[in-house]
Every structure is written in C-alpha cells, then in structure tokens.
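Along the sequence shown, residues are numbered consecutively beginning with 1.
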Amino acid sequence: MSINTSADVVLVRQAVRQFAVELGFSLIDQTKIVTAASELARNTLDYGGGGTVKLEALDEGIRRGLRLTFEDSGPGIPNIDLALKDGFTTGGGLGMGLSGTKRLVNEFNIVSHVGEGTCVTITKWK
C-alpha cells in the first residue's frame with residue numbers, strides 16, 4: 001500500500017492492527033507492531049518523501065509472524081549506525097523513532113543508499 005499522505009499513515013496503522021488481530025497477536029503485541037508501523041510509515045512520508053509498505057503473514061511450522069517492509073526513494077540515510085542511536089535526530093524530534101522501533105520487534109533490518117532511498121523490514125513473531 002502507498003504512503004503519500006498523513007491519511008495513508010493512519011490507513012497503514014489500521015491495516016497492520018487488523019492483520020495482527022487476524023493472525024492472533026495479543027493486545028500487547030498488536031500495540032507494539034502498530035506503534036512500530038506508525039513510526040516507520042511516518043518516516044517513509046516525512047524523510048523519504050513517500051513510499052510503500054508491504055504486509056506479509058509468515059508461517060514457519062508452529063510459529064506465525066507478521067513482516068512489514070517499508071520502502072522509499074528518498075535521500076537515504078548517510079549513517080545508519082548514528083540514525084539508530086537513541087537521541088539522534090535530523091527532524092527535531094526525540095530521536096527515538098528507529099531505535100525504539102527496533103526494540104518493539106523481533107527482527108529489524110535497514111538498508112539505505114544515499115540518493116537512492118531506504119528499505120526497512122521488521123518482523124514480529126507470536
């Protein structure tokens with residue numbers, strides 16, 4: 001789904017919550033994945049100039065999960081290690097977005113190339 005307006009960020013949160021409910025996540029885990037999705041959707045819009053998110057249900061034996069992939073073609077992140085440090089910000093916020101998102105999920109991967117864009121993939125397992 002596309003992320004090109006603030007209304008799209010709301011739609012992403014709603015879609016992720018619905019998907020998490022359908023997959024049987026607890027209320028606490030629903031809240032964690034929706035919070036993470038909200039942060040990444042907002043980053044995709046504000047820093048990436050818009051982009052997309054892909055939602056995937058995962059089924060590995062007895063384990064079920066939800067994977068979200070956010071992609072944009074924005075300016076990219078020049079220093080990912082610095083961007084993941086608590087308190088670092090380029091947008092005037094608290095600088096907890098990416099680092100906080102990483103703590104909310106089981107798997108976190110970020111790939112970014114300056115001038116080409118950023119792809120963040122997160123996975124939450126039940």
Side-chain angles (χ1 to χ4, degrees):
M1 61 191 302
S2 295
I3 305 169
N4 294 309
T5 67
S6 290
D8 292 337
V9 174
V10 174
L11 293 175
V12 168
R13 281 197 308 254
Q14 292 170 344
V16 169
R17 179 169 303 280
Q18 181 62 38
F19 211 23
V21 168
E22 290 172 9
L23 292 172
F25 278 89
S26 69
L27 183 57
I28 291 172
D29 282 343
Q30 289 173 37
T31 302
K32 287 179 179 180
I33 194 78
V34 169
T35 300
S38 182
E39 179 65 29
L40 294 177
R42 178 57 60 190
N43 284 356
T44 298
L45 178 62
D46 290 348
Y47 300 109
T52 60
V53 60
K54 181 170 74 173
L55 288 70
E56 299 172 83
L58 305 174
D59 193 354
E60 291 184 0
I62 61 170
R63 189 163 90 145
R64 298 187 81 196
L66 176 57
R67 179 171 292 147
L68 307 175
T69 304
F70 295 82
E71 291 186 89
D72 68 62
S73 300
I77 301 170
N79 186 333
I80 291 175
D81 290 337
L82 185 59
L84 288 169
K85 281 191 168 189
D86 286 344
F88 176 79
T89 181
T90 59
L94 297 174
M96 303 296 284
L98 284 177
S99 59
T101 296
K102 187 175 180 179
R103 287 189 290 269
L104 290 171
V105 297
N106 301 111
E107 297 171 20
F108 180 95
N109 186 55
I110 183 168
V111 176
S112 187
H113 300 285
V114 173
E116 296 179 19
T118 301
C119 178
V120 181
T121 303
I122 58 173
T123 303
K124 186 73 177 168
W125 294 102
K126 282 182 52 182

Nearest heavy-atom approach of G50 to D72 is O-CB, 3.2 Å
Nearest non-hydrogen partners of A36 and I122, listed with the distance: CB-CD1, 3.8 Å
Considering residues at least two apart in sequence or located in another chain, which fulfil the side-chain hydrogen bond (donor to acceptor under 3.5 Å, both in side chains) criterion with T123? R67
Working to the nearest 0.5 angstrom, can you tell me the gap between D86 CG and L98 CG? 10.5 Å
Under a 4.5 Å cut-off applied to non-hydrogen side-chain atoms, are N43 and F70 in contact? no
Please report the closest heavy-atom contact between A20 and I33, naming both atoms and the distance. CB-CG2, 4.1 Å
Any side-chain heavy atom of T69 within less than 4.5 Å of one from E71? yes
Evaluate whether atom CG of L82 has more than 12 neighbouring non-hydrogen atoms of other residues, nucleotides or ligands under 6.0 angstrom away. yes
What pairs with S2 under side-chain hydrogen bond (donor to acceptor under 3.5 Å, both in side chains), at least two apart in sequence or on another chain? none
For residues 108-126, the salt bridge (Lys or Arg N to Asp or Glu O under 4.0 Å) pairs (sequence neighbours left out) are D29-K124
CD-CZ distance between Q30 and F19, expressed to the nearest 0.5 angstrom: 13.0 Å
Is any side-chain heavy atom of V105 less than 4.5 Å from a side-chain heavy atom of L68? no
dist T44:OG1 -> I3:CD1 (nearest 0.5 Å) comes out at 4.5 Å
How many angstroms lie between atom CG of L84 and atom CD1 of I77, to the nearest 0.5 angstrom? 7.5 Å
Just jot down the side-chain hydrogen bond (donor to acceptor under 3.5 Å, both in side chains) partners of T118, sequence neighbours excluded, or say none. S112
Residues 7-18 side chain polar contacts: donor-acceptor under 3.5 Å, at least two apart:
| unit_1 | atom_1 | unit_2 | atom_2 | d |
| --- | --- | --- | --- | --- |
| D8 | OD2 | N4 | N | 2.7 |
| D8 | OD2 | T5 | N | 3.1 |
| D8 | OD2 | T5 | OG1 | 3.4 |
| R13 | NH1 | S38 | OG | 3.1 |
| Q18 | NE2 | E22 | OE2 | 3.1 |

For R42 against S6, the heavy-atom pair lying closest together: NH1-OG, 3.2 Å
Looking at every non-hydrogen atom in both residues, tell me the closest pair between P78 and G76 and how far apart they are. CD-O, 3.7 Å
Co-members of the apolar cluster containing L58 [side chain, <4.5 Å]: W125
Spacing of F108 atom CZ and N106 atom CG [to the nearest 0.5 Å]: 13.0 Å
To the nearest 0.5 Å, tell me how far I110 CD1 sits from K102 NZ. 9.5 Å
